[in-house]
Amino acid sequence: MTRNAIGAVPDILSGSMLAVTTFSLTAMVTLQRSAARMFTPRVHLVLMKDRTTQNALATFIGAWIYALLATVILDLPYFGERGRVALFVTTVLLLSLIVMSTLRWILHLQSAGSLIDTARRIEDEAAGPLAAGPGARRLSTQQEKAQLARAAAWLRE
C-alpha cells in the first residue's frame, strides 16, 4: 500500500472534520442561546450537560486531530508498509465511528432545544435528587408531586 493509496483519506478527513466541528459548535451555541431566550438561565446549565452533543464534538475533534497526525506520519520516511496498513485499518474504523456519531447527532438535533425536549430534561434533572436512595424512606405520591412542583418553581426563577 503506497502513500498515494492511503494519503488522500486523511487529507479529506482533516478538512471535512474541521468543517463538521465548526458547524456542530455553531449549532450548539445557537441551541443554547435560543433556550436562554425561551427559558430561565438555570435551563442553560441543564443543556450544558448534554452528553450526545459532547460526544459528537469529542468524536469530530478527535477525528480531526487523528487526520492531521496521520497526514504527518505518512510523510515520515521510516513509516513502512505494515504501518500504512495499520493506519488504513484504523482510519476505516474511525470512519465508521464518525458515521455513527454523525447519525446520532443528526437525530439529536431534530428535537434538541424544543419545548418538549427541554421540559423532559428539566424534569429528569429535578427528579434525580428526589429519587429515594438506599435506606431512605419512600415518599408518598403527594410528597413527590409537591417536591417536583418546588423543583420546577426553582428552575423557573
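If you're wondering where the values come from, they're calculated on a predicted model, not measured in any experiment.
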Given Val85 and Arg82, is the side chain to side chain contact (heavy atoms under 4.5 Å, CB included) satisfied, shown in steps? CA-CA 5 Å; Val85 170; Arg82 291 176 59 181; 5.7 Å; no

Candidate pair Val29 and Arg33, rule side chain to side chain contact (heavy atoms under 4.5 Å, CB included), full reasoning: CA-CA 6 Å; Val29 169; Arg33 286 189 180 186; 3.8 Å; yes

Step-by-step side-chain hydrogen bond (donor to acceptor under 3.5 Å, both in side chains) determination, Asp11 to Thr71: CA-CA 7 Å; Asp11 293 339; Thr71 303; 3.3 Å; yes

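Remark: Leu103 CG to Ile98 CD1 distance equals 12.0 Å, nearest 0.5 Å. Rounding to the nearest 0.5 Å places CZ of Phe60 at 11.5 Å from OG1 of Thr22. Atom CD1 of Ile65 is separated from atom CE of Met17 by 12.5 Å, given to the nearest 0.5 angstrom. With rounding to the nearest 0.5 angstrom, the CZ atom of Phe23 is 14.0 Å from the OG atom of Ser16. Leu31 CG to His108 NE2: the interatomic distance, rounded to the nearest 0.5 Å, is 7.0 Å.
Between Trp64 and the choices Leu18, Thr59, Leu13, Val20, the side-chain contact (heavy atoms from CB on, under 4.5 Å) rule is met once, by Leu18.
The heavy-atom pair separating Leu74 from Pro10 by the smallest distance is CD1-CG, 4.1 Å. Heavy atoms only, all atoms of each residue included: Thr21 and Leu57 are closest at O-CD2, 4.3 Å. Of all heavy-atom pairs spanning Ser14 and Leu68, the tightest one is CB-CD2, 4.0 Å. Annotation for Ala27 and Leu109: closest pair CB-CD2, 4.4 Å, computed over non-hydrogen atoms. Taking both residues in full, the closest heavy atoms of Tyr66 and Leu94 are given as CD2-CD2, 3.1 Å, listed atom of the first, atom of the second, then distance.
Hydrophobic cluster membership differs between Val72 and Val9, with clusters built from Ile, Leu, Val, Met, Phe, Trp and Tyr side chains linked at under 4.5 angstrom.
Other residues, nucleotides and ligands contribute over 12 non-hydrogen atoms within 6.0 Å of the CH2 atom of Trp105.
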